[in-house]
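The block underneath contains the structure these notes are about, expressed in structure tokens.
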Amino acid sequence: MQTILTDFYTLESFEKGDHGSFTANIHLNKDHDIFKGHFPGNPVTPGVCMMQIVKELTEEFTSSKLFLKTASNVKFMAIINPFETPDLKLQLDITENEEDVKVKNITSFGETIALKMSVSYKK
């Protein structure tokens, strides 16, 4: 899997469900340089990085190179501290046609929802 977030996370496992649904389990690298600056002494996973992970997983699952077209209902609901909660579950509901891919995502750790968003990508 190609990623611009080199060594930021590892795709531990994924499962394909019905009708374009995927569940992915990832592990964040708490030692990544991003966390040294965001924020020193209180690491927080940047929202833009979470959005990039969703894009990269969608590319992997659809075998398509994608470009963000629109993002709506992006709700960051909990802080993701890589030292406390490095293991995340991403639920991706993917629908696609010849030109576009739409994704509804819920990212969580344990029983806590950290991110909800709907995005549309152009192939």
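Quantities reported herein were computed from a predicted structural model and do not represent experimental measurements.
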query = Closest approach of C49 and I34, non-hydrogen atoms and distance?
reply = SG-CD1, 3.9 Å

query = Which pairs count as side-chain hydrogen bond (donor to acceptor under 3.5 Å, both in side chains) when at least one residue sits in residues 33-42, sequence neighbours excluded?
reply = D33-K36

query = Who pairs with K102 by side chain to side chain donor-acceptor pair (under 3.5 Å), at least two apart in sequence or on another chain?
reply = none

message = Among residues at least two apart in sequence or on other chains, which ones pass side chain to side chain contact (heavy atoms under 4.5 Å, CB included) with D87?
response = H27

query = Which pairs, with at least one residue in residues 65-98 and sequence neighbours excluded, count as a ring-ring contact (aromatic ring centres under 6.0 Å, His included)?
reply = none

query = Near L68 CG, under 6.0 Å, is it more than 12 heavy atoms from other residues, nucleotides or ligands?
reply = yes

task = Check whether V74 and L92 end up in the same hydrophobic cluster, where Ile, Leu, Val, Met, Phe, Trp and Tyr are linked by side-chain heavy atoms less than 4.5 Å apart.
result = yes

ask   = Mind checking whether I53 and I4 sit in one hydrophobic cluster, side chains of I, L, V, M, F, W, Y counted as touching below 4.5 Å?
value = yes

message = Taking the side chain as everything from C-beta on, heavy atoms only, tell me whether T58 gets closer than 4.5 Å to V101.
response = yes

key: side-chain hydrogen bond (donor to acceptor under 3.5 Å, both in side chains) between E15 and T23, intermediate numbers included   = CA-CA 5 Å; E15 187 176 303; T23 301; 5.9 Å; no

inquiry  = Tell me every residue that passes ring-ring contact (aromatic ring centres under 6.0 Å, His included) with F8, counting only those two or more places apart in sequence or in another chain.
reply    = H32, F35

key: I94 CD1 to K16 NZ distance, which is reported to the nearest 0.5 Å   = 8.5 Å

inquiry  = Could you work out, with side chain to side chain contact (heavy atoms under 4.5 Å, CB included) as the rule, every residue matching L11, not counting sequence neighbours?
reply    = M1, F14, A24, I26, L57

ask   = Linking I/L/V/M/F/W/Y whenever any side-chain heavy atoms sit under 4.5 Å apart, do I79 and V54 land together?
value = no

query = So, S64 side chain and L66 main chain: donor-acceptor pair closer than 3.5 Å or not?
reply = no

key: For T107, all residues meeting side chain to side chain donor-acceptor pair (under 3.5 Å), sequence neighbours excluded   = N105

request  = Among residues two or more places apart or on two chains, list those pairs meeting salt bridge (Lys or Arg N to Asp or Glu O under 4.0 Å) that have a residue in residues 55-66.
outcome  = K55-E59, E59-K65

ask   = Got more than 12 heavy atoms from elsewhere within 6.0 Å of CG, D7?
value = no

request  = Could you go through the side-chain contact (heavy atoms from CB on, under 4.5 Å) check for F109 and I80 one step at a time?
outcome  = CA-CA 8 Å; F109 52 87; I80 302 170; 4.1 Å; yes

query = Taking atom CG of L90 and atom CG of N25, what is their separation to the nearest 0.5 Å?
reply = 8.5 Å

request  = For P43 and P82, work out which heavy atoms get closest and say how close.
outcome  = O-CD, 3.7 Å

ask   = With ILVMFWY side chains joined below 4.5 Å, transitively, what does I106's cluster contain besides itself?
value = M77, I113

message = Can you list everything that forms a side chain to side chain donor-acceptor pair (under 3.5 Å) with T95? Sequence neighbours excluded, please.
response = none

key: Sequence neighbours excluded, every pair satisfying side-chain hydrogen bond (donor to acceptor under 3.5 Å, both in side chains) that has a member inside residues 67-86   = K69-D100

key: Hphob cluster co-occupancy, V44 + L5, side-chain heavy atoms under 4.5 angstrom   = no

Summary of side-chain hydrogen bond (donor to acceptor under 3.5 Å, both in side chains) pairs that have at least one residue in residues 111-123, sequence neighbours excluded = E96-K123

query = Going by heavy atoms in the side chains, are Q52 and T3 under 4.5 Å from each other?
reply = no

